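Only one structure is covered here, and it is reproduced in the block below.
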Amino acid sequence: MPKYNPSKIESKWQRFWKAKKLYFIKDKIKDKQNFYNLVMFPYPSGDLHMGHWYNYAPADVYGRFKRMQGFNVMSPIGFDAFGLPAENAAIKNKLDPKVWTYGNIKSMKRQLDSIGAAFDWSREIITAEPNYYKWTQWIFLKLYEAGLAKKEKVLANWCSHCKTILANEQVQDGRCERCDTVVEQKLLEQWVFKITDYAQKLLDGLEKIDWPETTKILQRNWIGRSDGAIIKFQIPNSKDSIDVFTTRPDTIFGATFLVLAPEHELVKRVVKDEQLGQVNNYLEKTKKKTELERLVEVKEKTGVFTGAYAFNPATKEKIPVWISDFVLPHYGTGAIMAVPAHDQRDLEFAEKFNLPVKEAGLDNEIFSRLSKEGFAERKINYRLHDWIISRQRYWGAPIPMILCQKCGWQPVSEKDLPVLLPKINDYKPSSSGQSPLAKSEKFIKTKCPKCFGEARRETDTMDTFVDSAWYFLRYADPQNKKEFVSKEKLKSWLPVSIYIGGQEHAAKHLLYARFITKVLHDSDYLHFDEPFSSLRHQGLILGPDGNKMSKSRGNVVNPDDYVKKYGSDTIRMHLCFMGPYENGGPWDPKAIVGVYRFLNRVWSFANKKPSNEKLEKIFHKAIKKVGEDIKNLRFNTAVSELMKLLNEIEDKELAKEQIETFLKLMAPFAPHLTEELWHQLGNKKSIHLEKWPEYDPKLIKEEIVDIIIQINGKARDIIKVQRDLKESKIRELVLASEKIKIYISGKEINRFIYIFNKLVNIVL
RNA sequence: GCCCGGGUGGUGGAAUUGGCAGACACGAUGGACUCAAAAUCCAUUGACCGCAAGGUCAUGAGAGUUCGACUCUCUCCCCGGGCACCA
């Protein structure tokens, strides 16, 4: 018997699968249900780390299992190829970002192949391909048509290091998620997607999808619905009134002053001359501050009095109007009624500026009274911001819009798509907030689609999250030149059956993808309005030191080393075995030998001479357990069940049929090893075309069961009895036990509790 | 501050959802094989008491419900994640 040599058999079978096109999946197979098994596609950073494997290998186990269960399983893969790192690397090395990106894709493909996953490479997607981003641009046009893509003057997050605007979702603790620079707020004209118009639909949709509850909660919090009212505070001797948003109209009797955000449009109108100097002074100060401290420093309240007053519509009292930057311009109406008796922040402000604090007798009727009088109306507010998609960078899909002096903004007509990203010489971003494309006159100069006069192209590119917000649709029909996806193929494959990926995308990609799906649904392009019927997260793999893997820390685990040493099957199975899939955890370089030893033992076991012996019971139990565990993505216990099974059968000589059953149970985990052993047993076709073994529930039932005997809740003995015995019979057997006799001798039995086929508890 | 997760041997984790806590592994210790080492195989491995049979304690801490709690309830402590001046 030759030794188990993973590197030899793995490359051999990978070649075999490729030659047989085993994983090129047809859109329809008679009598088979389609199953869309999706993983989050990688960014082509250049190397695949253990975290990618942890996403892809167990997801592949799941897909292979589904296939053996009789589904037509599609497991596509591709590359999220646009984005900043390519550009930064290109600037550094004076390369075309395209060259850098495609070089990385090439080496990552080799690494992805080494996983031995059932990826359907015939459906590969690269988002930086004109053939792909043509349709990203098309989707932009659909949003534009629906009034959901607009150029707006918005207060936006500007990263001075990356020299681009970022979406709210890409800012972490006031810093750029990519480079950690503190972002500044800039008022700029940007293309936005009106995701806030979909806030309610995005909330409602969560009810009907099979997602982890934690992820749903995270999205709900991110959308941040709050129900309240707009209340009008009139300014004496003026047509102006100040609208405030509050969730607690019932506290209005305690409202002793109003506060406007410094950016509020009424500030200039209401301020009294004698306060003008002070107010301007404060506005100057906060304007500078907003760029840094306002987001970071929260503790100390600041503000200034406008000199103006307004009527509290409930009390008819005149209350002072203040300005403070603790009121945010983009939430609610940018103005609040301050109720210091009920709100910590209002109290801090009142204390600082010696404003009255008045206990408010709560009044539940006040809202309806005020609304009858025209002072109040219901209002729902969302924390969610619109999605700013303009990026002042080069390596992305150009926004397909044209600015004409006469006609204003005009969409590029569909027949002119794609707007190709031109080759340029200088990719450097500018501090002025202009895209590198702005330097290319050749790109900019164009004709107005409406009046055919001279016009200029938009030079910003799209946020890469737009690219990834619809890629899962394209996998169904990746080559289509006429449509983004044909209706027929959409029907075959979508929505996605199961989506497996990290939770870090919960409030970004997963939200955007749902939004785009809903928009396309509402424009009648999709027959469903939630893209991912079922979603599961894998945990995060940390470096051996317990920290997040990063190059700067030097704790990145390179899977290639382990492929060489143990083979891909061992890594796959070890990743499954490590612990609960959603937990992740530190990579322990030593622990992997456990699975390697196991696979070596499987090798020896399957190489033994078969006999006629069969062990029905343990096999049927294992078939049940392994199948149920994979179905529930409990890969760790599925693997331990396989180990237990081998422990029991290893020293026996079993019938060929049972050895084959064992290999089939192992096949999703160790596709190469099992394929090799399967063929060694004389089979000609791939084991991965085999059916998943079935179990007979009758054979699992134990005829003899263990009954645990407790005295006062402590286990004292255990007896083996025929199953399904009546309590009277059990009582007889229990009381006959020598051990139990000792415990109960001379004492009275208070209660005798019998749990059917399981346990007896005698209470003395 | 608010909202989620989680806390079980030296380590990763298991526990049929209220019924023998520690499955399956890693590591460690001892032994076999070997000139030797690696690999492999065998044995032991939660803590404490005991020569042993056996017993006591033990799932972050404390209380409660229950015949019985890792599992349910309450209070508190610690760790991880999300949001954060959102009215």
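Note on naming: letters A, B, ... go to the chains in the order of the sequence lines (proteins, then strands), and numbering restarts at 1 for each one. This structure is a prediction, so every number in the text was calculated from the model and none was measured.
A/Lys565 places its NZ atom 12 Å from the C1' atom of B/A38, with the value rounded to the nearest Å.
Using a 4.0 Å heavy-atom criterion, one finds that A/Arg597 contacts the sugar-phosphate atoms exclusively. A/Arg716 comes within contact range of the sugar-phosphate backbone alone, with a heavy-atom separation under 4.0 Å but no base atom that close. Heavy atoms of A/Asn636 sit under 4.0 angstrom from primed sugar atoms or phosphate atoms, though from no base atom.
A/Arg178 and A/Gln170 are not linked by any side-chain donor-acceptor pair at a separation below 3.5 angstrom, with hydrogens and angles left out of the test. Between the side chains of A/Thr286 and A/Asp325, no donor N or O sits under 3.5 Å from an acceptor N or O.
B/A23 and B/C76 are spaced 35 Å apart, taking the P atom of each and rounding to whole Å. Annotation: B/U16 and B/G81 have their C1' atoms spaced 31 Å apart (nearest Å).
Ring-plane geometry between A/Tyr581 and A/Tyr54 is classed as perpendicular, the angle between the planes exceeding 60 degrees on a 0 to 90 degree scale with a lower cut at 30.
Salt-bridge check for A/Asp588 with A/Lys590: failed, with every basic side-chain N at 4.0 Å or more from each acidic carboxylate O. At a threshold of 4.0 Å, the pair A/Asp696-A/Lys701 does not count as salt-bridged, since none of the basic side-chain nitrogens sits closer than that to a carboxylate oxygen. We find that A/Glu702 and A/Lys621 are joined by a salt bridge, their nearest charged nitrogen and carboxylate oxygen being less than 4.0 Å apart.
A glycosidic torsion no more than 90° from 0 defines the syn conformation, and B/U17 adopts it.
Counting only residues at least two apart or on different chains, the salt bridge (charged side-chain N to carboxylate O under 4.0 Å, His left out) pairs with a member in residues 597-607 of chain A are A/Arg601-A/Glu650.
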Please list, for nucleotides 63-70 of chain B, all pairs of protein and nucleotide N/O atoms separated by less than 3.5 Å.
from	atom 1	to	atom 2	distance (Å)
B/C67	OP1	A/Arg751	NH1	2.8
B/C67	O2'	A/Asn761	ND2	3.2
B/C67	O2	A/Asn761	ND2	2.4

Look for any protein N or O under 3.5 Å of an N or O in nucleotides 81-83 of chain B and output each such pair with its distance, or none.
from	atom 1	to	atom 2	distance (Å)
B/C83	O3'	A/Arg383	NH1	2.9

